[in-house]
Amino acid sequence: MQKSGNFNIRGLLGGLAVIVIITGLLRTFLTGGFSASNKVSITFWNGFTGPDGIVMLDIIKEFNKENPDIDVGMQRIPWATYYNKLTVAGSEGRGPALFISHADAIPRLRRAGFVDYADDVFTGDGAINPKDFDRYVLDRVKFNGRFGGVPLDVHPQGLYCDADMLKKAGIIGPSGEAKVPETKEEFLRAMDAATIERTDKQWGYALTVWGANMRAVMAQFDGKFLDEKGNSVLNCPENVKALEFVAGLTKKGKVPPPSNGLGWFGFRQGKVAMVWEGVYMVGDLTRVNSFHYLGGPIPVIGNHMGTIGNSHVMCIRKNLSPKEHDAVIRFVRYLSTHSLDWAQAGQIPARVSLRSSERFKGMQVQSAFAKQIPYVLFPPKTPVIFEFMLQMDLACEYAVRGQKTAQKALDDAQKETQAIIERDRREHPEDYKS
Amino acid sequence: MTYIQKRNVTGWLFLAPFMCSFFLFVFVPVCISLWLSFVQLDLTNAAQSKVVGFQNFSDALKDDLFWKATHATLNYAVLMVPAVLLIGTALGFGLYGMSRGRDLVRGLIYLPGMLNVAAAGILWQWFFNNEFGLINFTAKRIGLPVLPWLSDKAYAMPSVVIMSLWWTIGATSIIILTALQQIPQMFLEAAALDGASQRQTTFKIVFPILRPVLFFVFITTTIGAFQMFGQAMILTGGGPEFSTRGLVQFMFETAFNGFRFGYGAAISWLLFGMIAVFAVIQSIVVRRDS
Amino acid sequence: MKKPSRIVTTFMLFIGLMFLMPMIIMVLTSFKSEKEVMEPSSVIPQHFTLANYSQAIHSAAEAPIMMWSLNSFFVSCATTLLVLVIGSMAAFALTRIRIKGAEIVMNLLVGTMMVPSQLFLIPLYVILSRLHVLDTPWALILPATAGGFGVFMVSQFMRSLPPSLEEAALIDGCSFWQVYWQITMPLCGPSLATLGVFTFIASWNDYITPLVFMEKITNYTLPVGIALFQSSYSTQFGLTLSTSLLATLPLLIVFLVFQKQIIESMSSTGLKD
């Protein structure tokens, strides 16, 4: 038998053991030594990774400095896994004191049973006036006549333009600078003008997230997800018109074919002149040097201006100690009052008063997108939001790819979503009272 | 105590540390997920969950999305399992047959496996991109047809398989190589002394010795293929039209995004059933051969 | 078995290069600017930039990279050590001592591998919470030792070894512990080293478990921590590639440094004589 062969694996195990001991000791040495202070510590979870998170961290740093008795600790989890972790931790009683939820996710989260009401933010000393929010935004967080959270921002979809490409295509205003199209005719003209046939083709406009693009037009036609009774009306004529427009662009070859997948990347790469995307994408563009972009409302294709949007809502956990609760309320008010700093990251403050400030007007994309605020359509307020949107997006995919007509795709989706809603009513009758 | 008893006691002592961990972190969760599949979970108070019998299972069998996901999973497995077995074994033998540079090539083949799935997925997403992807760009240059790799139903799954092969085949090849290297040299020398040809040695001696390891590769590859999740999630998000949305992704999203944990558990157990059927067939085939 | 042939060697070198190519492209792309990043016409960066890396690291205050690396090393090494020891002991009991019920245990073990583990996230979270190990490295290490993969793999390798040596040692009066440590372990060196490599890499790259089981930022592992600098909204190719490379780099360094030892234990048969 060979001696070295005998030595090797056991030597490897021994080596591993040594490393484990050394790193373990080093860890205890480095993490230990933090003594408990008499500050109230509150945990704040959100999905603000990337540049957003840095902006939020700065706001928290400032708050901690101004409030020496409170220590807010933020934990960022990428949105893709955020709700999973939040649900798991929340149902085990380890959830954060304060957390961000998208407006449309609150009904679902409430089912996990750890979301408290946030009424105290709006009453007592230093209260925030609920009138400083758009009514329909507040409606999204109202449950049983109480506030299920405090909206931090509104983030609608809007039109992004590559100024250089539009200018080159001759889409200019009186001043000779690129002009952001506002009407359907202007939009289609700009789309054609900026589309250039080359070996390396350049497009005037590209779809991004098909379902979201369709919903932006749907808002302009006054389309609806649910009727007053909470039944699915996905196949209403308004929705069909919206989907027909979006799918029609592909059919007529005005936009890259479905197999292309240019979308937002193409825009960032300078191969697409216009896209519709969420206001939060601004942060993505600031990284690209020497890129001249302009923001504007989605061109009016339907009856009036309109778009799809959502809100980040600050939600409070149940069973906080009075001290923690008090600290959380103070922090929520602070964040709400300072949401202009947050807007910098690519958001529109939920507070109406902040939007009229000079500082906000200085943020070109944000303030341009904010013109749509009165007409923003939110995703439906239903606990089965995930399955609902899944079916709707699938319908849009079928229509854009030309597998089904818009009418047929939405008819099918209406049946599916209605079945989902009816099942949920059977399984959770308590959520459908009143 | 008899010798046999003593032997058993010692044996169980050897097994004890693993069994404790296994019981706590696998067996209990498995039992919980079995229970889950028969209830409609109440997240606020799990103990009060409503027992619904086989409702979750029958719902799944009536669910169009379940069948779509099953189709995607089977599609992936049918492409992936034979590819991994054939190519992996071939590469393992190839490595073994190298006169020089074996360690280098082994390292190179395994290198992609060191990347996390996000990095590997993003990289290939770019390779596969229609418009500015590397593969289509090169194809155009040398006059090959340009394919809609990720955005067409016909090509999306094969694309996911190609990326998965690049990412995971190294492990299979290394296992085969290791098994070959672990064959005591004296066996082969004895065969050579007896005048056996190379082919005879391979089929009469090497493969029988390799059988347990090949069986291991069979089973784990099958399990892995049926549980495909991350790659498709990143490359295609499950599209186009759910053609690459496998059962695990369906289960995960149903449970964690749709909050239907009972239904998710039932999907898991149906998937378990499918894997088990395949595994049993495989082991019968392998045993009949021996 | 076969004479090493030149054709096989050349072919395998070519295959190796095929596997390497995407990695090289990845490294090159990570040095491209955001605008250039997806230009297929120039694989080599025209405007070499470190922007992706500086953004990935950002600032030390928000990104305790050293702490994350330390956590990753601790977790991966401890997991590997435990998996190898516990797993080889279990495999030894199942295939060499051949205890009563070995068949049942084995079937149970392989059977549970077939249940998708994604669903275990909640039960595991609850169990770890009750054990008071959440937000500590043990929440990552302990569950990793329970997987059937390692035991199954080592068992199958042990099965392909001739039992004659061990039987002889037992007749000579060695205890099972001595046989395990002095005969079987060295004989299984290659397979254990291979399993060790797999375990280490899997543990290092684990993403969802640390994300869910860890709370304080100083307890994050490297891949999880470093991913915090990516935006959730859109993929930034250059940034994703550079952060992934940064997270994989320590892994590569470990393997380069210990290459000789690992490869020796991977390929030594212990029975060469």
Side-chain angles (χ1 to χ4, degrees), chain B residues 7-8 10-12 14-15 17-18 21-22 24-26 29-30 32-33 94-95 97-101 103 105 108-109 111-112 114-116 119 122-123 126 132 134 137 171 174 178 181-182 184-185 188 198 201-202 206 209 212-213 216 219 223 227 248 251-252 264-265 268 271-272 275-276, chain C residues 1-2 4-5 8-9 12-13 16 19-20 22-23 26 38 40 86-87 89-90 92-93 97 99-100 110 112-116 118-120 123-124 127 142-143 145-146 151-153 156-157 159-160 176 190-191 194 198 201 205 207 223 235 237 240-241 244 248 251 263 266-267 269 271-272:
Chain B
R7 196 175 164 129
N8 264 329
T10 322
W12 278 96
F14 268 92
L15 198 57
F18 175 76
S21 168
F22 177 79
L24 203 55
F25 300 118
V26 174
V30 165
I32 293 177
S33 86
L95 282 172
M98 285 181 82
S99 53
R100 268 179 305 166
D103 295 342
V105 176
L108 291 183
I109 290 181
L111 204 58
M114 287 196 194
L115 290 177
N116 55 41
I122 293 286
L123 187 66
W126 170 45
F132 38 89
L134 202 60
F137 178 80
I174 289 182
T178 310
Q181 287 177 329
Q182 215 169 275
Q185 211 63 36
L188 305 175
Q198 205 175 321
T201 323
T202 310
V206 175
I209 295 180
V213 176
F216 165 79
I219 296 286
I223 295 177
Q227 296 184 356
V248 173
M251 178 273 279
F252 192 80
S268 294
L271 174 59
F272 165 84
I275 302 176
Chain C
M1 142 191 60
K2 298 181 234 192
S5 86
V8 171
T9 309
M12 288 307 291
L13 278 171
F19 274 82
L20 184 65
M23 301 284 288
M26 177 175 177
M38 287 184 294
I86 294 179
M89 277 167 62
F92 184 75
I97 308 183
I99 50 168
K100 230 170 144 186
V110 179
T112 48
M113 281 169 68
M114 296 175 195
V115 189
Q118 283 79 1
L119 201 69
F120 298 172
L124 263 185
I127 292 168
L142 294 178
T145 62
V151 179
F152 186 28
M153 178 171 155
Q156 297 307 94
F157 273 93
R159 272 183 229 276
S160 61
F176 275 112
S191 52
T194 306
F198 291 167
I201 290 171
N205 279 338
Y207 183 74
T235 317
F237 275 62
T240 311
L241 297 185
S244 309
T248 319
L251 201 61
I263 283 183
M266 263 186 172
S267 49
T269 67
L271 258 184
K272 264 185 190 137

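Naming convention: chains lettered A, B, ... in sequence-line order (proteins, then strands); numbering from 1 in each chain.
- Residue C/Leu13 touches chain B through both its backbone and its side chain, counting heavy-atom pairs closer than 4.5 Å.
- Of the atoms belonging to B/Val30, heavy atoms from both backbone and side chain fall under 4.5 Å from chain C.
- Interface residue C/Leu142: backbone and side-chain heavy atoms are both found under 4.5 Å from chain B.
- To the nearest 0.5 Å, atoms CG (C/Leu119) and CG (B/Leu271) are separated by 11.0 Å.
- Contact record, B/Pro17 with C/Ile86: C-CG2, 4.0 Å, taken as the closest heavy-atom pair.
- With sequence neighbours excluded, the residues forming a side chain to side chain contact (heavy atoms under 4.5 Å, CB included) with B/Phe137 are B/Arg141, C/Pro40, C/Ser41, listed by chain and number.
- Contacts of C/Phe198 with chain B are made by both backbone and side-chain atoms, with heavy-atom separations under 4.5 Å.
- When heavy atoms are compared at a cutoff of 4.5 Å, B/Ile122 approaches chain C by way of both its backbone and its side chain.
- Here the side chains of C/Phe157 and B/Val213 are in contact, with some heavy-atom distance below 4.5 Å.
- Remark: B/Leu115 CG to C/Asn205 CG distance equals 7.5 Å, nearest 0.5 Å.
- In this structure, CE on C/Met12 lies 4.0 Å from CD1 on B/Ile109, to the nearest 0.5 angstrom.
- With a 4.5 Å cut-off on side-chain heavy atoms, C/Met113 and B/Ile219 do not count as touching.
- Under the 4.5 Å side-chain criterion, counting only non-hydrogen atoms from C-beta, B/Asn116 is not in contact with C/Tyr207.
- In this structure, chain B has a heavy atom under 4.5 Å from the side chain of C/Thr240, while its backbone stays farther away.
- The distance from atom CD1 of C/Ile99 to atom CG of B/Leu15, rounded to the nearest 0.5 Å, is 5.0 Å.
- Contact of B/Met251 with chain C is made through the side chain alone, with heavy-atom distances under 4.5 Å.
- Between B/Gln182 and C/Ser160, the side chains place no donor N or O within less than 3.5 Å of an acceptor N or O (distance only, hydrogens not considered).
- Within the 4.5 angstrom heavy-atom criterion, only side-chain atoms of B/Phe252, from C-beta onward, approach chain C.
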